[in-house]
Amino acid sequence: MDPVRDDGGALDVLACLASDGEVVVLSGAGLSTESGIPDYRGPSGAARRHTPMTFQAFTRDEQARRRYWARSYLGWRQIAAARPNAGHHAVAELERRGLLAGIVTQNVDGLHQAAGARSVLELHGSLDAVVCLDCRRSSPREELDARLRDANPDWRPVSGPVNPDGDVDLADSELDGFVAVPCTGCGGTLKPDVVFFGETVPPDRVQESYALVERAGLLLVLGSSLTVMSGFRFVLRAVKLGVPVAIVNAGPTRGDAYARVRIDAPLGQVLPVLAGSLGAALDVAQPA
C-alpha cells in the first residue's frame with residue numbers, strides 16, 4: 001500500500017489509525033526543537049560545529065572527558081531550563097486518554113515526563129542523572145552541577161549554542177582553568193547517565209522497546225530522522241510484524257518508505273490537532 005503523504009488528508013488517516021489505541025510513540029530530538037533544544041540532523045542541527053562525544057574517547061582520554069564536562073557544565077543550564085512544548089503536552093494528553101501503550105524516547109531531556117507523561121522508556125538514558133564508571137554510584141545532576149560551580153568559581157568562557165546532547169560549542173582555548181570533579185564515593189570517573197555515540201544501549205531497554213512494538217496497534221514516530229539503527233530497528237520490527245507505521249517529522253527520514261502515513265510539518269502544530277480530534281471523538285463515544 002502506498003503511504004499517505006501530507007496532502008491534507010494524512011492527518012485524518014493518522015487519527016483513524018490511532019483511534020483504536022495501543023499506539024507506541026517513538027520520539028526523537030525533533031520533538032524538542034520547539035523547546036529550544038536543537039536536533040541532530042534536522043534544520044536546527046545544521047549549525048552544529050563539533051562532533052558528539054563518543055564513549056571510546058570519553059573513557060580513554062582524560063582531556064576529552066575534561067572537554068566534555070566543561071561543555072556540558074555550560075549546556076546543562078539550558079537543558080534544565082527547557083520546558084515542554086505543545087507537542088510534548090499533546091503526547092501526554094494522548095496517554096491520559098488511554099490511547100498510548102507506551103513512549104520510547106531517544107531524547108535525554110526529560111520533557112515527556114515534565115509534560116505529564118508516565119509510561120516513558122528513555123532509550124538513551126537521561127541527563128538528569130550521573131553515574132560513576134568505577135563504583136556505579138548514581139547521583140542527581142543537580143548535585144554535580146553544584147560541585148562544578150564550587151570548583152570553578154572564576155571560570156567565565158565564551159560559549160556557543162547548546163546541542164541536543166546537552167553540551168555547547170566551546171573552543172579548546174576556553175578550557176583553561178576548568179576543573180572536573182570525581183565521584184564523591186570512590187574518586188572514580190563520572191559520566192552522564194546517557195548512551196554516548198559508540199556505546200551500546202542496555203539490552204533490557206532494547207527488549208522492553210521491542211516488546212512494546214510487538215503488541216502495538218500503531219508505531220508513531222515523532223521528530224526522528226531514523227538515521228541511526230538505535231531507533232530505525234523498531235520501525236523495521238513493526239513492518240515485519242505488520243504493525244502500521246506513521247511518521248511526523250520536519251524533513252525526510254530513513255523510514256519514509258515504510259510509513260503508512262507521512263506528515264512533514266512542525267510537531268507543535270500537528271500533534272495538538274491530532275490529540276484534539278481524537279479527544280473529541282472519544283468524548284462523543286462516551287455513553288451519556
Side-chain angles (χ1 to χ4, degrees), residues 26-30 32 37-42 45 48-76 78-80 104-110 120-141 143-145 147-148 159-172 174-175 178-210 224-234 254:
L26 173 63
S27 66
S32 294
I37 302 174
D39 55 11
Y40 289 97
R41 298 171 181 85
R48 184 185 185 118
R49 291 191 294 275
H50 76 268
T51 56
M53 175 59 66
T54 66
F55 182 71
Q56 291 75 16
F58 187 88
T59 54
R60 296 173 185 170
D61 187 343
E62 182 177 355
Q63 179 65 5
R65 289 196 295 274
R66 181 167 168 263
R67 182 184 303 113
Y68 172 81
W69 279 122
R71 290 173 169 174
S72 183
Y73 171 63
L74 298 171
W76 165 249
Q78 186 167 334
I79 297 291
V104 178
T105 185
Q106 297 171 274
N107 298 339
V108 295
D109 52 37
V120 183
L121 195 163
E122 295 176 309
L123 193 63
H124 296 158
S126 174
L127 284 171
D128 274 345
V130 178
V131 64
C132 175
L133 294 179
D134 297 283
C135 71
R136 306 310 301 178
R137 174 182 180 268
S138 180
S139 57
R141 181 57 183 264
E143 176 185 300
L144 175 63
D145 188 59
R147 293 179 62 210
L148 288 173
S159 63
V162 70
N163 291 308
D165 42 9
D167 62 353
V168 299
D169 293 320
L170 185 68
D172 282 353
E174 298 284 348
L175 294 175
F178 179 81
V179 178
V181 296
C183 172
T184 57
C186 73
T189 300
L190 294 177
K191 173 184 173 291
D193 199 4
V194 299
V195 177
F196 281 158
F197 284 83
E199 188 176 5
T200 302
V201 177
D204 59 332
R205 295 183 200 166
V206 176
Q207 291 308 313
E208 190 175 349
S209 300
Y210 275 139
S224 176
S225 65
L226 301 170
T227 301
V228 297
M229 187 56 71
S230 178
F232 184 52
R233 57 184 157 185
F234 302 119
R254 189 181 181 185

Handout entry: Backbone of C132 reached by a side-chain donor or acceptor of R137 within 3.5 Å
Key = no
Practice task
Output the distance between atom CD (Q63) and atom CG (D172), rounded to the nearest 0.5 Å.
Solution key: 7.0 Å
Fill in the blank from the handout: Value for CG (D109) from CD (E122), rounded to nearest 0.5 Å, stands at 8.5 Å
Problem - Under 3.5 Å donor-acceptor, R65 side chain and T59 backbone - result: yes
Problem - Nearest-0.5 Å distance, CD of residue E143 to CG of residue L190 - result: 9.0 Å
Completion exercise
In this structure, CG of L127 is separated from CG of D193 (nearest 0.5 Å) by 9.5 Å
Practice task
Side-chain contact test, heavy atoms from C-beta onward, threshold under 4.5 Å: evaluate it for M229 versus R254 and give yes or no.
Solution key: yes
Practice task
Return yes if some donor-acceptor pair links the side-chain N/O of E208 with the main-chain N/O of L121 below 3.5 Å, else return no.
Solution key: no
Practice task
Let me see the working for Q56 and F196 under side chain to side chain contact (heavy atoms under 4.5 Å, CB included), right down to the final yes or no.
Solution key: CA-CA 9 Å; Q56 291 75 16; F196 281 158; over 6 Å; no
Exercise for the section: Without swapping roles, check the side chain of S126 against the backbone of A129 for a donor-acceptor pair under 3.5 Å. Expected result: no
Handout entry: Side-chain heavy atoms of S225 within contact of F232, under 4.5 Å
Key = no
Practice task
Drop me the distance from F234's CZ to L226's CG, to the nearest 0.5 angstrom.
Solution key: 11.0 Å
Handout entry: Main-chain N/O of L175 paired to R66 side chain as donor or acceptor, under 3.5 Å
Key = yes
Problem - Distance, nearest 0.5 Å, that separates SG of C183 from NZ of K191 - result: 14.0 Å
Practice task
Using the six-membered ring wherever Trp is involved, compare the ring planes of Y73 and F178 and label them parallel, tilted or perpendicular (cut-offs 30° and 60°).
Solution key: tilted
Problem - Test item: side-chain donor near acceptor, Q106 and S230, under 3.5 Å - result: no
